[in-house]
Amino acid sequence: MDFPEFFCYVSILACLFPIMVNSIGINYGQIANNLPSPEDAVPLVKSIGATKVKLYDADPRVLKAFANTDVEFMVGLGNEYLDKMRDPTNAQAWVKENVQPHLPATKITSIFVGNEVLTLNDTSLSDCLLPAMQSVLAALLNLGLDKQVTVTTTHSLAILQTSYPSSAGAFREDLMDPLCETLNFHQKTGSPFLINAYPYFAYKGNPEQVPLDFVLFQPNQGVTDPQTHLDYDNMLYAQIDAVYSALASLGYKKLPVHISETGWPSKGDEDEAGATPENAEKYNGNLIKLMSGKTGTPMRPNSDLNIYIFALFNENMKPGPTSERNYGLFKPDGTPAYPLGITPNNVVGRNTTVGGGSFGNAVTNPYYPMSSSTGYMSISSTRQQRYQLLGHVLLMVPLLMIKTLV
């Protein structure tokens, strides 16, 4: 597609995405050989009202393209660099090369060091996580950037041992030591706790038992937490509140939680239940509408949601099942993968009665490139599959109870 034709497509997006909302985050992955240039991605990000971008590396092309756009960026430092980043000298060199030159024109507000490290069961990585985070923070302090850039890391929901009911959320005992180290870091520095959450995998793993409407934010019966008596109208919010409960149980009640990844594929293999354009439209469209309402979860109704949708583009070079290559809101030619159908008269409200419950947290670990074509440091692959269901993490409602809800 040539440049003029590309922007002809962008010009119709106001009709396909008619509501411009604030505080939407989008994951910008680039595991593909057919994506538009970063300059051409700028209007697409703006067309969905996104004000935040999560980048899996510190690609200078992207950061330069978004200069002076007021879009906030979270940049990544890959797992393969954790050992090297233990050395403060290396960390400072990385920050000076990959972050400092783009400030303040590009609003880099956070660096996430490592991706889902604690659930990889690799002590060579987990032992490096906190020292690497500390070194990056020290580099920011030395360069006078610590007031504008925070340091954090991302976690899979597999860090939870218990997820249902939400009030009983608890972390895995075997991860407690390294997890508490990072939690102390967050508390001292004021950086957010990042979680990747995918209700899609709960449905894919149990399509006969898990109500589809519940995971898609569609109306059906609701579920009430027996301890707090709070009503839940979708699985994602129940998952988030399970994390809040787990944090509170360890004394980190005030720690902010951001959802650094969530999404729904528009296409999948025959055994990937629910991976359709219609379901992806409902999940992401309804999620954006909820975010536009600026309502929090039942447990934290006054807390703004900070959610990053996965992902901006379909990525044709991602390994794994078909769904892996079809999470994008946009196709590589800049056309929408499906209409989000956001209109003023179909917003899902906080008081809507819908069905389901927190039927467990199906969690995932996405693939990322080990290196980039341009030589900048990229996020590493976690070497675990996004579509893997971690059954030991799920504390599901008994199947008989589930069937009575649908």
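In this chain, numbering begins with 1 at the start of the sequence shown. Remember, predicted model here, so these are calculated numbers, not experimental data.
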Does atom CD of E97 have more than 12 heavy-atom neighbours, drawn from other residues, nucleotides or ligands, at distances under 6.0 Å?
-> no
Could you tell me which residues satisfy side chain to side chain contact (heavy atoms under 4.5 Å, CB included) with N142, sequence neighbours excluded, listed by chain and number?
-> Q92
Side chain to side chain, L82 and L77, heavy atoms closer than 4.5 Å | no
For residues 301-308, dump all side-chain donor-acceptor pairs below 3.5 Å to protein atoms at least two apart in sequence or in another chain.
from	atom 1	to	atom 2	distance (Å)
N306	OD1	K52	NZ	2.5
N306	ND2	H258	NE2	3.4
N306	ND2	D304	O	3.4

For the pair Y56 and N27, evaluate side chain to side chain donor-acceptor pair (under 3.5 Å) and give the outcome as yes or no after the intermediate values.
-> CA-CA 8 Å; Y56 291 99; N27 284 269; 2.7 Å; yes
Quick one: side chain to side chain contact (heavy atoms under 4.5 Å, CB included) partners of Q100, sequence neighbours excluded?
-> K96, L143, L145
4.5 Å side-chain heavy-atom contact, V75 and L63 | yes
Not counting sequence neighbours, which residues clear side chain to side chain donor-acceptor pair (under 3.5 Å) with N184? List them please.
-> Y252
Centroid-centroid distance, F310 to Y327, less than 6.0 Å | yes
Sequence neighbours left out, what passes side chain to side chain donor-acceptor pair (under 3.5 Å) with N314? Give chain and number order.
-> none
Nearest heavy-atom neighbours spanning A337 and G328 = CB-O, 3.4 Å
Say whether, by atom type as modelled, one donor and one acceptor occur between the side chain of T276 and the main chain of S266 under 3.5 angstrom.
-> no
ring-ring contact (aromatic ring centres under 6.0 Å, His included) pairs touching residues 281-306, sequence neighbours excluded, are F217-Y283, W264-Y283
Do T150 and T189 come within less than 4.5 Å of each other through their side chains, counting heavy atoms only?
-> no
Not counting sequence neighbours, which residues clear salt bridge (Lys or Arg N to Asp or Glu O under 4.0 Å) with K107? List them please.
-> D70
Of all heavy-atom pairs linking L312 and A41, the shortest is CD2-CB, 4.4 Å
Contacts of S260 meeting side chain to side chain donor-acceptor pair (under 3.5 Å) (sequence neighbours excluded), chain-then-number -> N196
Carefully, step by step, assess F330 and I48 under the rule side-chain contact (heavy atoms from CB on, under 4.5 Å).
-> CA-CA 11 Å; F330 295 97; I48 58 170; 3.9 Å; yes
Could you walk me through whether K54 and I26 pass the side-chain contact (heavy atoms from CB on, under 4.5 Å) test, one step at a time?
-> CA-CA 6 Å; K54 177 165 162 275; I26 190 76; over 6 Å; no
Identify, with sequence neighbours excluded, every residue that meets side chain to side chain contact (heavy atoms under 4.5 Å, CB included) alongside T153.
-> L129, M133, H155
Evaluate the side-chain contact (heavy atoms from CB on, under 4.5 Å) criterion for residues H102 and I108: first the C-alpha distance (whole Å), next the side-chain angles of each, then the deciding distance (0.1 Å), finally the verdict.
-> CA-CA 8 Å; H102 302 287; I108 301 174; 4.0 Å; yes
Among all residues two or more places apart in sequence or in another chain, which pass the salt bridge (Lys or Arg N to Asp or Glu O under 4.0 Å) test with D174?
-> R172
Does a donor on one side chain sit under 3.5 Å from an acceptor on the other, for D241 and Y232?
-> yes
Got a salt bridge between E39 and R61, using NZ or NE/NH1/NH2 to carboxylate O under 4.0 Å?
-> no
Applying side chain to side chain donor-acceptor pair (under 3.5 Å) to D269 and not counting sequence neighbours gives T322
Over all atoms of both residues, closest heavy-atom pair of N286 and Q218 = ND2-OE1, 2.7 Å
Go through the structure and list residues passing ring-ring contact (aromatic ring centres under 6.0 Å, His included) with F66, not counting sequence neighbours.
-> F73
Could you go through the side chain to side chain donor-acceptor pair (under 3.5 Å) check for N284 and Y338 one step at a time?
-> CA-CA 10 Å; N284 288 320; Y338 47 84; 2.7 Å; yes
From CA spacing to verdict: side-chain contact (heavy atoms from CB on, under 4.5 Å), R325, E315 = CA-CA 5 Å; R325 294 173 289 282; E315 299 171 70; 5.8 Å; no
Give me the one residue out of V136, L137, L130 that meets side-chain contact (heavy atoms from CB on, under 4.5 Å) with Q134.
-> L130
Short side-chain to backbone donor-acceptor contact, T106 and L103, under 3.5 Å | no
With the side chain counted from C-beta on, respond yes when I159 and I195 share a heavy-atom pair under 4.5 Å apart, and no when they do not.
-> yes
